[in-house]
Amino acid sequence: MNEIPAADGSFLISAGRSVSTPFKVRLHSDSGEEELTCNRILRNLPGRRLVCGGEKNGEEIVVKFFLDKKRSERHCIREERGNLALKEAGIAAPQILLKGRLKPFGGPALVFSKIDPGLDFTDAWQQAESDEQRSRLLKSLASATAAMHEAGLIHNDAHPGNFMISGGLLYAIDGASVNIRSRGKPLSKDRSLKNLAAFFAQFSVRFDYLLPDAFEAYVKKRKWPQNNQLLHGRLAGQVRIQRKKREKNYLKKIYRKSSAHVCKKS
């Protein structure tokens, strides 16, 4: 049986997109040194962040390595604070088991408990076989967003891929994208509708007939007047605006190389 190779911070940075699994790393924390085995790559932003699934002492975990030498500390702190803020708002989020550092670079890493069994929200949506199931998913997303907004939190990377379903419960998994500047003060209607529309704009227009019921779940959570046609109209307008923004951003990206596109110019 081949021995699992060891990796360090310098290797993970220099490897870019060519990181292969499995590999072992040692994290240095206040309580000592911990060895982790990374078995699969969940997300890789070369030179910035690497997210892996693996094991620690036989327990399944997810680990985020913050690799940007200039911004890694800031990004790690943002992740921790966002995770805590979500939990204080009553939104399920994965438990942080350990914070450590990679050597020799010394970049921080956070080890999370694995959400198991867990299903990415996008996968759950694609697997839904009826309007009833899709409506239930949209309502859970809307209710979680309402809880965030009521707590003064706003998601700066509003897309379903930042949520998971486990045991009928919705988990938020990207604490770093949670803006906590207005924490403790409910968001205004304008900011709330704009952010909610950013989520709703991700879904195909053929499912727009499901949005009113999902919005009513949001409204109920916020204790706003229900069946308010003016609010429904404002949300619909924001969804259209957000979709145009998404189209514009998408068309920009097709002219440069990225994780989603290969661009050849001639």
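Closest non-hydrogen pair, Pro212 versus Asp208, comes out as CD-O, 3.4 Å. Annotation for Leu170 and Ser140: closest pair CD2-O, 3.4 Å, computed over non-hydrogen atoms. Shown here for Lys99 and Ser29, the closest heavy-atom pair between the two residues is O-CB, 3.3 Å.
Between Arg74 and Asp68 there is no salt bridge, since none of the side-chain N atoms of the basic residue sits less than 4.0 Å from a carboxylate O of the acidic one. Checked for salt-bridge contact, Arg101 and Glu73 meet the test: a charged N lies under 4.0 Å from a carboxylate O. A salt bridge does not link Lys221 with Glu150: every distance from a Lys NZ or Arg NE/NH1/NH2 to an Asp or Glu carboxylate oxygen is 4.0 Å or more.
Remark: Arg43 pairs with no residue by the side-chain hydrogen bond (donor to acceptor under 3.5 Å, both in side chains) rule, at least two apart or across chains.
The 12-atom threshold is not exceeded at CD of Glu132, counting heavy atoms of other residues, nucleotides or ligands nearer than 6.0 Å. Annotation for Asp30: atom CG does not count as buried by contact number, only 12 or fewer foreign heavy atoms lying within 6.0 Å. Other residues, nucleotides and ligands place no more than 12 heavy atoms under 6.0 Å from the CZ atom of Arg181.
Rounding to the nearest 0.5 angstrom, the gap separating the CD1 atom in Ile61 from the OG atom in Ser113 is 10.0 Å. From Arg234, atom CZ reaches atom OG of Ser192 across 9.5 Å, with rounding to the nearest 0.5 Å. A distance of 6.5 Å separates CG in Asn156 from OG in Ser177, rounded to the nearest 0.5 Å.
In summary, the aromatic rings of Trp125 and Phe163 are positioned with their centroids too far apart to meet the 6.0 Å limit. Aromatic ring centres of Phe121 and His159 lie farther apart than the 6.0 Å criterion allows.
Under the side chain to side chain donor-acceptor pair (under 3.5 Å) test applied with Asn195, the options His155, His149, Gln242 reduce to a single match, His149.
For the residue pair Gln95/Lys87, the side-chain donor-acceptor check at 3.5 Å is satisfied. Looking at Arg191 and Ser182, their side chains do bring a donor and an acceptor atom within 3.5 Å of each other. Judged by distance alone, the side chains of Thr122 and Asp120 do bring a donor and an acceptor atom under 3.5 Å apart. Between the side chains of Glu216 and His232, at least one donor N or O sits under 3.5 Å from an acceptor N or O.
With hydrogens and angles disregarded, a donor-acceptor distance shorter than 3.5 Å links the side chain of Arg243 to the backbone of Phe203.
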